[in-house]
Protein chains: 2
Amino acid sequence: MTVSRALNNPKVVRPATIARVMDAVKITGYIPNMLAGGLATRRTKLIAVVVPQINNNMFVDTVQAIGDALALRGYHMLLCIVGYEPEDETDIVATLLSRRPDGIVLTGIHHTSELKRIILNANIPVVEIWDLTPTPVDMLIGFSHEKVGNAVGEYFLDKGFTRFGFICASDRRAVVRKNGAIAVLRGRPEHEIEELMVSRPANMEVGRSALRQMMAGDKRFDAIICSSDTLAQGVIMEAEAQGLRVPQDVSVMGFADLNFAAHNRPAITTVSVDKWGIGIRAAGMLADKIEGKAVGEPVVDIGYSLVIRESA
Amino acid sequence: MTVSRALNNPKVVRPATIARVMDAVKITGYIPNMLAGGLATRRTKLIAVVVPQINNNMFVDTVQAIGDALALRGYHMLLCIVGYEPEDETDIVATLLSRRPDGIVLTGIHHTSELKRIILNANIPVVEIWDLTPTPVDMLIGFSHEKVGNAVGEYFLDKGFTRFGFICASDRRAVVRKNGAIAVLRGRPEHEIEELMVSRPANMEVGRSALRQMMAGDKRFDAIICSSDTLAQGVIMEAEAQGLRVPQDVSVMGFADLNFAAHNRPAITTVSVDKWGIGIRAAGMLADKIEGKAVGEPVVDIGYSLVIRESA
DNA sequence: TTGTAGGCGTTATCAA
DNA sequence: TTGATAACGCCTACAA
């Protein structure tokens, strides 16, 4: 018990005793056992983070930001990459909870009711990220995909374009953005809108072939709006391969402002979101709540910004 | 005890009993406590993964591969992003060990002796990744950065170039690659070699300004060899901004075959390594060793391949 | 300031 | 096939 105090609450231990403990620690190479500690205190200093993917560039900044911010506050990150199926997520979160994490970060707001039940039952703080809803499970930091879509639609409204093509990954949030843009563009009867859903992974190859498919039968577009910068990059390549200049012959829009977007040629016009900030603040909200500190607003809209570059 | 058996070793439990247990599990929403389980069995089904960074594209595929492969075998991944300082790594691994992971993945082969001592003391399997040595702490899967450098040097040997510029991140492995190339190129007395070390993060901006710095005073190069594709991408942009065509006026070489390298214009000539395979196999080796299965060779050289594209 | 007793939730072991 | 007991290593609560 004295050792435990010397290590965790040294101010109530006599300095000489602390020194003796530290000596013993050094000699024996003692490393505390947090399993036992967590079992006793019901606090694990563990945060579970659940994301669909990290190697598509979309979430990796957020994950690294969460990891960095948590480390600064003495937490470890249990990272789980679950793909895009809500059922998989449910099972995985259930096993994750068996580690008794002090908090959980979930991507998106669409979870099975079973998952919500489990989490409520576990009674730990949750932050949902990368989406927005007035009714989160617990806390939330993200942005409105619908508004992003609206903003994209409005951006093109002034351009006098009439023929729009949407290339959209089969991802719930991507679909919401797409529909948000279409809702705006449908406002003009002269607008023609074509949509193509593509399967994951939404890589460049997929973008290229998607454009080929859309342009079959010599169909032409004024603007191609993609659900990610990666698809946009592929579309741009394919357009140029077909002899179309971007943006003179066709405009191309992406999403997320991934690291290459600014440096592509043409630089990709896109919607930027503060991926790093989402992570930092998600970690902060969790740690604050766990430690009983005041958490400001439980629902944070971090916004987005249209980044007009060359491609549209 | 019967519950424990019903859940973990059902074949020794009467089916009717199992059913009763399952009913109770469902009704109560019981989730096992792996802290207690780990404490009792000394097996946690946890693997700690230590990487310097994930958002620079270098390690993210490997990390995702590790996570996927571990999940398939019932392990969770405790991910720690430690930066590039060996001292930081030591402290962080020490705290990580307090979770009693069943195994550890470490990036690189250069660790403090203190770290090695701690890990040996913990007596758990370790896989070092992304480098090669005949004397790993335990197991290893990676490739020789020196040989990569040699190969790059030899590639340029035939080209008849004489003026070489190296732009190298201040990263131990990057330096080894650079020196490997220089060792080869020094073989011809007419070769002039200029080196520039750049600080992290080695992003595109850094690549651009590095080239500007090297070309100060109208210095010209036949080839610029960069320690990453990201730097190469920046160098290419800057070269073209200065009116130089790549590769006609100057060749540019990258490293790692990051996702954008094939799609850049000009497509980046680089060295490809099986980032995904490293992760899959690292996870497999660990899980095998933990579970007492035969691990083949403890040291695996996964190799590399020169990918000749347009930029060099 | 230090020490003792008991409990956290599981599993190994032995008994029934 | 099921149950009882003890132990894993730590911390809370209380006593000295």
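Throughout, a chain's letter reflects where its sequence line sits, starting with A, and its residues are numbered from 1.
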Taken to the nearest whole Å, CG/B:Leu39 to P/C:dT10 is 12 Å
In whole angstrom, what separates B:Asn8's CG from C:dT10's C1'? 9 Å
Using 0.5 Å steps for rounding, measure from the CD atom of B:Gln64 to the CD1 atom of B:Ile54. 10.0 Å
CZ of B:Arg14 versus C1' of D:dG3: gap in Å, rounded? 13 Å
A:Arg99 has an atom CZ; how far is it from atom C1' of C:dG9, in whole Å? 15 Å
What's the closest nucleotide to the A:Ala40 side chain, out of D:dC8, D:dG3, C:dC8? C:dC8
Picking from D:dG9, C:dT11, D:dC11, which would you name as closest to the side chain of A:Ser4? D:dC11
When you check the gap from the basic side-chain N to the acidic O, do A:Arg172 and A:Asp131 get nearer than 4.0 Å? no
Are A:Asp102 and A:Lys45 within salt-bridge range, i.e. N to O under 4.0 Å? no
Just say parallel, tilted or perpendicular for the rings of A:Phe255 and A:Trp130, cut-offs at 30° and 60°. perpendicular
OP1, OP2 of D:dT2 versus side-chain N and O of B:Arg5: anything below 4.0 Å? no
Side-chain atoms of A:Met1 come closest, of D:dC10, D:dC11, C:dT2, to D:dC11
Find the distance A:Asn9:CG to D:dA13:P and express it as a whole number of Å. 13 Å
Rounded to whole Å, the CG-C1' distance (B:Leu35 to C:dG9) equals 9 Å
Taking only side-chain nitrogens and oxygens of B:Thr2, does any of them come within less than 4.0 Å of OP1 or OP2 of D:dG3? yes
Would you call A:Asp274 and A:Arg281 a salt bridge, taking side-chain N to carboxylate O under 4.0 Å as the test? no
B:Arg20 CZ to D:dT2 C1': how many Å, rounded? 10 Å
Phosphate contact (D:dG9 OP1 or OP2) by B:Arg42 side-chain N/O below 4.0 Å: yes
How close or far is atom C1' of C:dT2 from atom NZ of A:Lys11, stated in whole angstroms? 17 Å
Of the candidate nucleotides C:dT10, D:dG9, D:dT1, which contains the atom at the shortest distance from the side chain of A:Ala36? D:dG9
